[in-house]
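For reference, the structure is listed below as structure tokens.
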Protein chains: 2
Amino acid sequence: MTIKQVSEIYNISQDTLRYYEKVGMIPTVNRNKSGIRDYTKQDLDWVQTAICMRNAGLPVDVLVEYLKLYQQGDETFKQRLELLKNQYDKLLKQREQINQTLEKLDYKISRYEIAVKTGKLSWD
Amino acid sequence: MTIKQVSEIYNISQDTLRYYEKVGMIPTVNRNKSGIRDYTKQDLDWVQTAICMRNAGLPVDVLVEYLKLYQQGDETFKQRLELLKNQYDKLLKQREQINQTLEKLDYKISRYEIAVKTGKLSWD
DNA sequence: TCTTGACTTGGAGTGCACTCTAACTATTAA
DNA sequence: TTAATAGTTAGAGTGCACTCCAAGTCAAGA
């Protein structure tokens with residue numbers, strides 16, 4: 001599968017796909033005889049996971065570290081587990097921040113709904 | 001209240017507080033006769049809100065726009081409402097991304113918990 | 001054969017959100 | 001009186017994650 005197809009499937013730029021590979025966030029993709037990337041099913045799994053993790057805000061260097069450990073083989077299960085738990089905890093905290101902000105916004109929004117109707121913003 | 005105190009209360013650098021003010025994310029803080037910031041209760045409310053919003057990932061320029069509308073008075077209720085709703089929707093989507101990633105991580109973590117015990121990573 | 005278009009690379013450039021620096025001023029303690 | 005401390009400003013620098021660019025290669029079609 002070509003980089004163009006992958007970029008269309010996941011709605012991500014070809015530049016970003018090449019960048020992810022260059023920095024080591026996903027494994028090196030095999031090239032055909034003329035040097036062009038040919039993504040396999042496994043490559044797509046890595047791409048998908050990388051995009052998912054990045055969308056949630058995991059830092060690139062952490063994902064690079066994860067791939068490095070992965071490529072070092074079975075000796076690194078424990079380190080990989082620690083890394084994943086760590087990121088899990090950080091995401092829980094981030095979600096909590098978002099929830100707090102959603103609450104605040106919800107409150108403000110309800111006040112503005114009234115303000116738009118009445119022309120007055122209450123208690124402020 | 002001095003910038004040092006504010007920075008300690010909210011655990012944010014003085015530089016960042018000055019930056020938020022400079023770019024217009026919070027209103028200008030009054031200075032005493034020797035030009036030193038003296039944060040009022042209202043200033044603190046703005047600071048707290050700014051930090052909350054930034055922690056959830058709202059962009060600086062959006063918060064600047066909000067303050068600008070706020071300072072334009074009652075004519076901008078509708079625009080402020082739109083802005084807030086917009087950010088609310090974006091945060092909902094971001095939370096959804098985080099939830100997806102948490103699920104993925106949870107799955108991986110449980111596999112690695114077993115892998116660490118057995119020395120083998122299953123089905124992969 | 002020539003051109004078009006899709007790909008390749010290394011490396012430079014961009015946008016965001018701080019973060020740091022230098023030069024300066026005012027207040028306080030020794 | 002002097003020195004240390006805590007603040008001020010404008011503006012430069014940093015780190016992250018892309019994003020763009022230039023120069024080149026290759027395969028297919030006119």
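Letters A, B, ... mirror the listed sequences (proteins, then strands); counts begin at 1.
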List the atom pairs, donor and acceptor, that lie under 3.5 Å between side-chain atoms in residues 50-62 of chain A and the rest of the protein, sequence neighbours left out.
from: A/Arg54; atom 1: NH1; to: A/Leu58; atom 2: O; distance (Å): 2.6
from: A/Asn55; atom 1: ND2; to: A/Ile51; atom 2: O; distance (Å): 3.4

Base versus backbone protein contacts along nucleotides 17-29 of chain C [heavy-atom cut-off under 4.0 Å; B, S, -] = BBBB-----SS--
Rounded to the nearest angstrom, tell me the gap between atom [atom1] in [X] and atom [atom2] in [N].
| X | N | atom1 | atom2 | answer |
| --- | --- | --- | --- | --- |
| A/Gln14 | C/dT8 | CD | P | 7 Å |
| B/Asn32 | D/dT8 | CG | P | 9 Å |
| B/Gln5 | D/dA6 | CD | P | 12 Å |
| B/Ile3 | D/dT5 | CD1 | C1' | 15 Å |
| A/Leu17 | C/dT8 | CG | P | 10 Å |
| A/Arg31 | C/dC7 | CZ | P | 13 Å |

N/O (side chain, A/Arg37) to phosphate O (OP1/OP2, C/dC7) under 4.0 Å = no
Grab the two heavy atoms, one from [X] and one from [Y], that are nearest each other, plus how far apart they are.
| X | Y | value |
| --- | --- | --- |
| B/Arg37 | B/Ile3 | CD-CD1, 4.2 Å |
| B/Pro27 | B/Trp46 | CD-CG, 3.4 Å |
| B/Leu84 | A/Ile109 | CB-CG1, 3.7 Å |

inquiry  = Given 3.5 Å as the limit, does a donor-acceptor pair link the side chain of A/Thr118 with the main chain of A/Lys120, or not?
reply    = yes
message = Using only atom types and a distance under 3.5 Å, with no angle test, would you say the side chain of A/Gln79 pairs donor to acceptor with the backbone of A/Thr76?
response = no
inquiry  = Taking any heavy-atom pair under 4.0 Å as a contact, classify B/Arg18: base, sugar-phosphate, or nothing.
reply    = base
